[in-house]
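Quick note on labels: first sequence line is chain A, next is B, and so on, each numbered from 1.
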Protein chains: 2
Amino acid sequence: MEDLKYCYKYPHPAVTADCVIFGFDGVSIKVLLIQRGIEPYKDRWAFPGGFVRMDESVEECAKRELFEETGLKSASVEQFYTFSDVNRDPRERVITVAHYALVKISEVCGGDDAARAQWFSFDELPPLAFDHDRILRVALTKIKERICFEPIGFELLPEVFTMPELQNLYEAILGVKFDRRNFYSKMRKLEILTQVGERPAGTSSRIPILYRFNPTKYAELKNRGFRLEF
Amino acid sequence: MEDLKYCYKYPHPAVTADCVIFGFDGVSIKVLLIQRGIEPYKDRWAFPGGFVRMDESVEECAKRELFEETGLKSASVEQFYTFSDVNRDPRERVITVAHYALVKISEVCGGDDAARAQWFSFDELPPLAFDHDRILRVALTKIKERICFEPIGFELLPEVFTMPELQNLYEAILGVKFDRRNFYSKMRKLEILTQVGERPAGTSSRIPILYRFNPTKYAELKNRGFRLEF
DNA sequence: CCTTATAGTGTCATTTCGACACAAAATTAA
DNA sequence: TTAATTTTGTGTCGAAATGACACTATAAGG
């Protein structure tokens with residue numbers, strides 16, 4: 001018999017923090033999953049996550065687990081929903097605060113810490129542990145909502161990117177197609193992009209222009225209040 | 001010494017569900033608070049809420065506590081954020097899943113169950129217990145975001161209401177002023193309002209037209225996908 | 001009875017949105 | 001090598017939406 005040394009007058013649920021990690025490879029959105037090494041759901045794929053310690057908030061827990069299990073240090077870890085169905089974990093009552101993180105996919109491709117971590121696109125998802133399929137669906141919904149208020153795309157793209165890449169990202173997240181020319185002018189009007197280097201030729205070329213996200217301009221824009229319409 | 005009969009191998013936080021209840025009296029937004037009868041923060045005002053039982057989800061808990069403490073049975077109870085700062089409760093580690101509810105203010109004015117419940121507007125708020133002032137600020141932010149996607153106003157207004165009332169509600173929530181005439185045409189174009197009865201006079205009168213929210217029309221609109229712009 | 005405040009409606013200029021065509025350079029195929 | 005194709009960047013133009021604004025009628029208040 002194990003020693004049960006933490007005792008309470010009333011029953012307490014366990015609390016975990018899980019982390020849905022989104023990446024973008026230039027074409028489609030990916031999710032980072034970890035293959036479980038222990039029961040329950042041994043060998044099934046799941047989101048990084050773990051039990052909340054008594055000296056950390058759930059956000060801190062999510063960041064810690066993210067780092068421990070994937071080596072990632074992402075600033076943009078944000079909770080989006082708390083899943084509390086009574087039987088969502090077969091071991092005991094576990095309530096999980098689900099977070100999402102947006103990372104540049106290059107930061108984790110060298111899987112040193114992340115021996116059992118792997119990127120999946122949505123059309124090749126393996127069966128997930130626990131209720132993680134539901135968590136993923138909710139995460140996607142929240143991301144879609146958020147992209148209309150904040151240019152979260154720039155956390156998914158490399159430092160320097162092209163306009164077609166940015167459009168692909170928006171199309172992949174929202175699941176729609178945009179007119180390329182209208183997307184260009186809309187983005188240019190926001191004035192949150194800085195052109196990097198010179199355009200290769202005089203007027204137009206097939207080599208795309210490189211851009212960088214301009215956080216200063218974005219802060220100004222956000223202060224004025226705005227809405228990204230798509 | 002009390003009997004501590006629920007024991008675990010690892011420490012578990014307590015989990016509560018709190019409920020920020022919004023109402024609207026035709027002029028300004030109100031919050032329903034309950035005066036605490038016990039320590040800690042005895043006699044301070046707080047949101048209805050309580051500990052999550054092992055056989056209920058946090059949403060069920062929020063609805064149950066809401067009913068037990070105010071007599072309200074509101075369908076629109078929705079979680080919006082989980083607060084997990086380590087020392088937010090002096091008794092023990094308590095993580096709370098915060099919800100908000102939108103209710104018609106008339107449903108609770110007869111305070112039978114709610115002896116210690118009282119509506120407050122934002123400019124006359126008493127000091128709140130725990131971190132409930134922070135919870136309220138976050139709740140307000142979430143409500144503002146949501147009103148742009150769903151016509152939540154109708155859960156706050158009586159069954160039958162006037163256009164000026166509806167505009168006052170939007171202005172109170174978003175904290176801005178709209179041009180009355182533009183607001184009218186924008187609302188009329190949505191086609192989610194049904195006129196109730198006849199207009200008093202031939203062309204214009206000072207007696208406002210009564211409207212009712214049309215859930216069928218709204219469902220159609222929502223299926224098409226839409227955005228309330230303000 | 002007169003003044004004031006509020007309710008309803010429509011106009012019009014400006015801006016935005018969304019469909020669309022063209023030219024230049026790189027890639028691919030022949 | 002040459003021609004066809006793909007990709008990138010930019011501008012136009014009509015339709016639709018936005019936002020400022022004026023007028024009339026009636027109820028309320030003094």
**Report entry** With A:F122 via ring pair (Phe, Tyr, Trp, His ring centres under 6.0 Å) - residues at least two apart
**Finding:** none

Query raised in the report: Which angle, to the nearest 10 degrees, lies between the helix axes at the two ends of the helix from C:dC1-D:dG30 to C:dA30-D:dT1, each defined by five pairs?
Result: 20°

Requested in this report: Report the residues that fulfil side chain to side chain donor-acceptor pair (under 3.5 Å) with A:R44, sequence neighbours left out, ordered by chain and then residue number.
Outcome: none

Protein-nucleotides 13-16 of chain C N/O pairs under 3.5 Å:
none

Query raised in the report: With sequence neighbours excluded, what pairs up with A:R188 under the side chain to side chain donor-acceptor pair (under 3.5 Å) test?
Result: none

Report summary line: Hits for ring pair (Phe, Tyr, Trp, His ring centres under 6.0 Å) against A:F213, two or more places apart or cross-chain, chain-then-number order -> A:F154, A:Y218

Query raised in the report: Heavy-atom contacts under 4.0 Å between residues 165-187 of chain B and DNA chain C, which residues?
Result: B:R180, B:R181, B:Y184

Query raised in the report: salt bridge (charged side-chain N to carboxylate O under 4.0 Å, His left out): which pairs involve residues 17-29 of chain A, sequence neighbours left out?
Result: A:D25-A:K30

Query - Test salt bridge (charged side-chain N to carboxylate O under 4.0 Å, His left out) applied to B:E60 - qualifying residues, sequence neighbours left out - result: none

Report task. With sequence neighbours excluded, give me every side-chain hydrogen bond (donor to acceptor under 3.5 Å, both in side chains) pair touching residues 145-159 of chain A. Result -> A:S76-A:E155, A:Y100-A:R146, A:R146-A:E150

Query raised in the report: By ring pair (Phe, Tyr, Trp, His ring centres under 6.0 Å), which residues pair with B:H132, not counting sequence neighbours?
Result: B:F47, B:F130

Report summary line: By ring pair (Phe, Tyr, Trp, His ring centres under 6.0 Å), B:Y170 pairs with (sequence neighbours left out) B:F183, B:F230

